[in-house]
*Asks:* 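Attaching a single structure in structure tokens format; questions to follow.
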Amino acid sequence: MTPLRAVPHRHRLLACATSALVGALALTGCEAVGGLGDPTPAGTSPAPGGSALRAVEGLTVKGRAPRTGYDRDEFGSAWADTDRNGCGTRDDVLAHQLDDVSRDADGCKVLSGVLDPDPYTGTRIAFERGRSKVDIDHLVALSDAWQKGAQQWSDGKRRAFANDPLNLVAADSSTNRRKGDGDTATWLPPNKAYRCTYVAGQVSVKSKYGLWVTTAEREAMRKVLSACPAEKLPSGGSPTEAPTR
């Protein structure tokens, strides 16, 4: 990808290998980019650090299932402390991705900070608790996941998915809400410099959790990633089964 504007390390949650959310959600470094080579056989998980474009070929293609039965609560209480570090996932992600972070005396609650740049718009956004213009977005929306395999999961896997840092990014709230539960075929960030990173993140999450894609979605992923064939597939994040509450 040739960005119009460099994206700092804190926003490379999708482009670099992530470690589990412990403390400050530390990231590991990126490895060398692999070649495209032969497509990964369908139904298998590509090796970490490989090409995101190649990984698209490993995703199962099926039609979208009905949204019947979907409810946010099916993915557990919002921003659960699945890594058991004493802080909720939302505050962990805010603390990791914002600059100039101020926390409450409890050591967890993020009171203020700056998102610079916001990956979805490329702009600078000030965060103030209670008057926030920053959301924590699920790259693969929960509703989209529900219609592409998640309704068959255990409760623990759904909780893990909803709180996995591999699937989370701090972003402009109004832009995020326009996204809704869109997939790559129906929504992309206005910031074109971030699109390869964004789509690579969705491919990684769907591969990790075994979610399928529609034909239109796969074609849209191919189209975006064909412009950046060396874009790496992110890896890491949390285990795919959350601990028992």
Side-chain angles (χ1 to χ4, degrees), residues 1-31 52 78-141 162-179 187-202 204-205 228 231-232 234-238:
M1 176 177 67
T2 304
L4 302 178
R5 180 175 183 181
V7 180
H9 182 72
R10 63 186 176 278
H11 294 317
R12 296 303 298 243
L13 183 65
L14 307 178
C16 298
T18 58
S19 61
L21 258 173
V22 179
L25 284 167
L27 297 182
T28 62
C30 291
E31 299 175 355
W79 311 127
D81 180 19
T82 55
D83 66 352
R84 296 183 173 178
N85 71 343
C87 302
T89 301
R90 182 173 186 270
D91 284 303
D92 280 338
V93 176
L94 287 171
H96 175 69
Q97 295 192 22
L98 301 184
D99 285 328
D100 303 325
V101 170
S102 172
R103 292 191 190 239
D104 192 57
D106 64 6
C108 282
K109 189 182 298 180
V110 174
L111 301 177
S112 63
V114 178
L115 184 62
D116 187 17
D118 160 46
Y120 287 1
T121 65
T123 62
R124 181 182 188 276
I125 303 175
F127 170 84
E128 184 177 349
R129 199 174 196 95
R131 291 187 288 177
S132 175
K133 295 181 180 179
V134 176
D135 281 351
I136 305 301
D137 181 36
H138 291 96
L139 295 172
V140 176
N163 293 279
D164 192 334
L166 190 67
N167 192 33
L168 300 173
V169 61
D172 172 62
S173 58
S174 60
T175 304
N176 175 48
R177 291 165 198 179
R178 285 194 293 271
K179 168 187 172 180
W187 190 88
L188 289 169
N191 180 17
K192 293 181 179 179
Y194 189 68
R195 288 182 178 178
C196 285
T197 301
Y198 175 83
V199 174
Q202 288 194 332
S204 180
V205 170
C228 45
E231 184 74 30
K232 289 179 58 180
S235 62
S238 301

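Keep in mind that what you see is a predicted model, and the values were worked out from it rather than measured. What you see below is based on every heavy atom in this structure, not just the backbone, and it leaves out hydrogens, waters and symmetry mates. FYI, the numbering just counts along the sequence from 1.
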*Asks:* Do you know the tightest heavy-atom contact between Arg129 and Asp91?
*Replies:*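 Arg129 and Asp91 have their closest heavy atoms at NH1-OD1, 2.9 Å.
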*Asks:* Return the minimal non-hydrogen interatomic distance between Val134 and Ala170, and the atom names on each side.
*Replies:*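 Residues Val134 and Ala170, closest heavy atoms: CG1-CB, 4.0 Å.
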*Asks:* Is the shortest heavy-atom distance from the side chain of Val169 to the side chain of Pro119 under 4.5 Å?
*Replies:* yes
*Asks:* Output yes when Arg124 and Asp99 qualify as a salt bridge under the 4.0 Å nitrogen-oxygen rule, no when they do not.
*Replies:* no
*Asks:* Can you measure from NZ (Lys133) to CD1 (Ile125) and round to the nearest 0.5 angstrom?
*Replies:* 8.5 Å
*Asks:* Any heavy-atom pair between the side chains of Asp137 and Thr175 that's under 4.5 Å?
*Replies:* no
*Asks:* Between atom OG of Ser173 and atom CZ of Arg178, what is the distance when rounded to the nearest 0.5 Å?
*Replies:* 9.0 Å
*Asks:* Answer yes if the side chains of Thr89 and Asn163 hold a donor-acceptor pair under 3.5 Å, and no otherwise.
*Replies:* yes
*Asks:* So, does Asn167 use its side chain to make a donor-acceptor pair with the main chain of His138 at under 3.5 Å?
*Replies:* no
*Asks:* For residues Gln202 and Leu139, report the shortest heavy-atom separation together with the two atoms involved.
*Replies:* NE2-O, 2.7 Å
*Asks:* Holding to side-chain hydrogen bond (donor to acceptor under 3.5 Å, both in side chains), I want the full list of residues that pass it with Asp135, two or more places apart in sequence or in another chain.
*Replies:* Asn176, Arg177
*Asks:* Can you name the nearest heavy-atom pair linking Asp106 to Cys108, along with the distance?
*Replies:* OD1-N, 2.8 Å
*Asks:* Using side-chain contact (heavy atoms from CB on, under 4.5 Å) as the criterion, list what pairs up with Ser102, not counting sequence neighbours.
*Replies:* Leu111, Ser112
*Asks:* Pair Asn191, Asp118 - check side chain to side chain contact (heavy atoms under 4.5 Å, CB included), show working.
*Replies:* CA-CA 9 Å; Asn191 180 17; Asp118 160 46; over 6 Å; no
*Asks:* How are the rings of Tyr198 and Tyr120 set relative to one another: parallel (under 30°), tilted (30 to 60°) or perpendicular (over 60°)?
*Replies:* perpendicular
*Asks:* Which heavy atom in Gly113 sits nearest to a heavy atom in Leu98, and how many Å separate them?
*Replies:* CA-CD1, 4.1 Å
*Asks:* Would you say Asp92's side chain and His96's backbone share a donor-acceptor pair under 3.5 angstrom?
*Replies:* no
*Asks:* Once rounded to the nearest 0.5 Å, what's the spacing between atom CD of Gln97 and atom CD1 of Ile136?
*Replies:*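 With rounding to 0.5 Å, CD (Gln97) is 6.0 Å from CD1 (Ile136).
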*Asks:* Nearest 0.5 Å, what's the CG-OG distance between Leu166 and Ser238?
*Replies:* 8.5 Å
*Asks:* If you compare all heavy atoms of Val101 against all heavy atoms of Leu94, which two are closest, and at what distance to 0.1 Å?
*Replies:*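 Minimum heavy-atom separation between Val101 and Leu94: CG2-O, 4.2 Å.
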